[in-house]
> 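Provided herewith is a single structure, encoded as structure tokens, for subsequent inquiry.
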Amino acid sequence: MIESEQLIKTMTAYIFRARRGRETILSAEPPVKPEPPTLKPIPLAVLLGQAHHLQKELDHGGCGNRADLARRHGLTRARLTQILNLLLLAPQIQEEILFMESTSKRDAISERRLRDIIQAEDWNQQLRQWELLKSSCGT
């Protein structure tokens, strides 16, 4: 006859609880947390950020004029003007652009497609044209 003390074994284990709906699952493995997706701004948002940076340089007088600023950054004066014109967009549009995430559909909105919107007479008209552009791009 075997003594009862010899049959008892002690084990140490960690049990993790995971809930899926109403079901509770017990597991010896810790739950794996999915990595959050990396957010990448659309190229237009990067260009808008550059426009704000360039305007700040002009405002603080670090460079003489737009021609000097264009030379410093390796841009033509015409391209510098195109970039700085993004600052003429309504603040709501600028904010929306800055928070857009990069997907194939949203990358379709480029600086070139905004040039007509920039030329609009007022911000309300810009907002109407912006909504039309977004709907045509499927965003």
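Side chains are part of it too, since the values below use all heavy atoms of this structure and drop only hydrogens, waters and symmetry mates.
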> Between CG of N85 and CD1 of I117, what distance do you get to the nearest 0.5 Å?
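Separation between the atoms: 13.5 Å.
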> Can you tell me how far the CG atom of D68 sits from the NE2 atom of H73, to the nearest 0.5 Å?
11.0 Å
> Before giving the answer on side-chain contact (heavy atoms from CB on, under 4.5 Å), spell out for Q119 and L88 the whole-Å C-alpha distance, their side-chain angles and the decisive distance to 0.1 Å.
CA-CA 9 Å; Q119 299 302 318; L88 299 175; over 6 Å; no
> So, do Q125 and R128 sit near enough that their side-chain heavy atoms are less than 4.5 Å apart?
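Q125 reaches R128 side chain to side chain.
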> Got I42 and F99 here, is their nearest side-chain heavy-atom distance under 4.5 Å?
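Contact flag for I42/F99 side chains = no.
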> Who passes salt bridge (charged side-chain N to carboxylate O under 4.0 Å, His left out) against R77, sequence neighbours left out?
none
> Could you go through the side-chain hydrogen bond (donor to acceptor under 3.5 Å, both in side chains) check for W123 and Q92 one step at a time?
CA-CA 9 Å; W123 285 347; Q92 298 93 332; over 6 Å; no
> If you group Ile, Leu, Val, Met, Phe, Trp and Tyr by side-chain heavy-atom gaps below 4.5 Å, do L87 and L80 land in one group?
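Same hydrophobic cluster.
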> Is the closest basic N to carboxylate O distance between K134 and E131 below 4.0 Å?
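A salt bridge is present here (some side-chain N lies under 4.0 Å from a carboxylate O).
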> Locate the shortest heavy-atom distance separating Q129 from D116; write the atom from each residue and the value.
OE1-O, 3.5 Å
> Any side-chain heavy atom of L58 within less than 4.5 Å of one from L84?
yes
> Identify, with sequence neighbours excluded, every residue that meets salt bridge (charged side-chain N to carboxylate O under 4.0 Å, His left out) alongside R79.
E111
> Can you find a pair of side-chain heavy atoms, one from T81 and one from T76, that are under 4.5 Å apart?
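Contact flag for T81/T76 side chains = no.
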> Test I97 against L89 for side-chain contact (heavy atoms from CB on, under 4.5 Å), laying out the working first.
CA-CA 10 Å; I97 289 169; L89 288 169; 4.0 Å; yes
> Is there side-chain contact between L133 and L114, with heavy atoms separated by less than 4.5 Å?
yes
> Can you find a pair of side-chain heavy atoms, one from L48 and one from I83, that are under 4.5 Å apart?
no
> Could you go through residues 49-56 and list every donor-acceptor pair under 3.5 Å that involves a side-chain atom there, pairing it with any protein atom two or more places apart or in another chain?
unit_1 : atom_1 : unit_2 : atom_2 : d
H52    : NE2    : Q94    : OE1    : 2.9
H53    : NE2    : E57    : OE2    : 3.0
Q55    : NE2    : D59    : OD1    : 2.9

